[in-house]
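Structure, as structure tokens:
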Amino acid sequence: MDNTITKSDFIRYLECPAYFWFFKKKPEVLENLELSDFDKELIKNGQEVELWARKLFTKGVLVESREDAAIKETQKYLDEGKKSIFQATFQVDNLYFMVDIWEWDEINNYWIINEVKATSGQEKKKDQHLYDATFQYIVAKMAGLSVGRVNLMELNKEFRKKGEINARQLIQVTDITEQVNELEEEVNLMIPDMKRIFENEHEPLPCECIYKSRNNHCPAFKYLHPNVPDYSVHDIVRIGLSTKRLETLIEESCFSIEDVPEDFKLTKYQRNHVEVTQTQNPIIEPHEIKQKLEELVYPLYFLDYETYPTAVPIYDGCVPYQQVPFQFSLHILREPNGELEHYEYLHTDPHTHPMIALANELMKVISDKGSIVIWNKKFEGKCHEDIADLLPEHAEVFHGYNQRFFDLMEIFSKNNYVHPDFRGGFSIKDILPVLVPEMSYKNLNVRDGVMAMNAWKKMMFEVEDEEEKTKMQNDLLEYCKLDTLAMVKIFEALQTL
Ligand code: SF4
């Protein structure tokens with residue numbers, strides 16, 4: 001299959017023709033190609049949504065083989081007169097493509113391409129879906145197949161689970177033929193260009209990402225720019241929003257943050273980041289921090305949730321991709337220098353709703369007075385809004401919790417404390433090693449939110465061995481507990497300034 005161009009290659013070409021070339025011709029120079037746990041979860045979501053979409057075609061048959069054998073298997077089904085083929089696979093010249101659901105329209109006598117995506121109408125992904133579908137439409141026509149319509153099948157963002165899921169309500173089908181027709185001319189020009197790049201034996205030039213912030217770089221960046229340090233001007237906070245500034249720095253061959261001139265115009269946050277990196281001296285505003293800490297009202301509740309989002313909701317009352325809180329850790333400090341109390345909850349019953357049980361447990365331990373200290377109020381606040389929607393009888397309580405929030409992260413995100421070793425970040429994991437170096441996540445089996453999410457899913461729905469389950473539960477409890485204890489210790493460190 002090395003000589004073929006697939007639909008995924010086309011997506012790569014759309015992102016960057018040079019990256020497409022490196023992926024196909026020189027993959028050995030690419031870095032970090034391994035999928036993260038998060039990426040793997042996205043793939044699983046896609047597969048799950050596809051299974052639901054297939055339920056709309058009761059007589060559909062699945063092409064199970066891959067590569068050349070898949071083309072033959074598809075042809076076999078076509079010869080047998082099958083009307084709905086899942087993962088129907090075709091090849092024209094060296095263009096190879098697989099249609100999620102290939103459907104025959106009896107009334108109009110043409111084929112329909114049904115492109116299934118695990119998204120729920122997000123605008124930023126829409127363009128990519130349209131180009132992707134247009135590529136398939138063009139190649140199908142090149143193969144002499146009569147295609148009359150292209151549908152996009154996505155999760156219905158209005159869907160809210162209530163009892164058994166009905167695939168017709170979960171999956172939203174949108175006819176995108178008109179948009180595909182509008183893109184046809186453009187994509188028709190891309191295909192020969194992609195083939196030309198593919199046939200080129202020389203490395204493509206130039207690589208424009210030297211002018212873009214780190215999150216735009218593909219795995220070829222380091223190979224293409226060996227003189228750019230791993231931590232460079234591309235990592236200056238929010239530099240992606242100041243492209244002109246980044247361009248000027250690059251034009252002046254200023255790659256290292258250490259070399260950014262003192263009089264170079266930057267935003268306040270960017271200047272702080274550059275200054276602490278250059279001087280290695282932190283910026284600390286003790287007066288502002290003290291003032292902020294004085295807003296706190298005892299008892300202090302240090303609260304953190306772990307959540308699990310699924311493309312297809314598991315629990316009643318939830319919508320696609322809703323973050324379902326399944327665990328909390330709560331440290332309580334009832335008075336200054338008082339004794340620290342700890343409470344926690346981890347949902348372990350696969351037959352009941354985690355949000356209901358968690359909400360009930362939380363209400364038992366949080367009184368109606370005192371600040372609720374969290375790290376990133378947007379996230380915890382949304383959890384509370386969702387609980388309030390699910391349990392209207394407790395809505396007032398959970399909305400009230402949001403009014404009592406004290407977001408400890410803001411001391412760092414608003415630059416009252418900037419340290420060179422934060423490297424522009426302000427997650428607990430960026431801050432803790434600097435302020436409380438004796439505490440660490442390193443020795444834990446669960447070390448971040450994505451790991452917690454995966455561990456919980458396994459513990460709840462996959463692992464049967466009781467001993468293993470208990471071990472996973474302990475790992476989860478230990479992780480979440482460290483998150484709130486870390487907040488307590490960071491708070492204590494700030495008090496000493
Ligand atoms: S670093 Fe950017 S411009 Fe360079 S090859 Fe990768 S995606 Fe393309």
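These values consider heavy atoms only, across backbone and side chains, with no hydrogens, waters or symmetry-generated copies. Start at 1 and go down the list; that is how both ligands and their atoms are numbered.
Considering only heavy atoms from C-beta on, Lys117 comes within 4.5 Å of Asp132 through its side chain.
Atoms of the protein (N, O or S only) found under 2.8 Å from atom 4 (Fe) of ligand 1 are Cys207 SG.
Residues satisfying the side-chain contact (heavy atoms from CB on, under 4.5 Å) criterion with Ser36, sequence neighbours excluded, are Phe38, Asp39.
Partner Glu115 forms a salt bridge (Lys or Arg N to Asp or Glu O under 4.0 Å) with one of Arg149, Lys7, Lys126 and no other, that one being Lys7.
Note that Lys292 lies in the cation-pi zone of Phe406, set by a 6.0 Å cut-off to the ring centre and a 45° limit from the axis.
Residues Val63 and Glu73 share a closest heavy-atom pair of CA-OE2, 3.5 Å. When all heavy atoms of Arg214 and Asp230 are compared, the pair lying nearest together is NH2-O, 2.7 Å.
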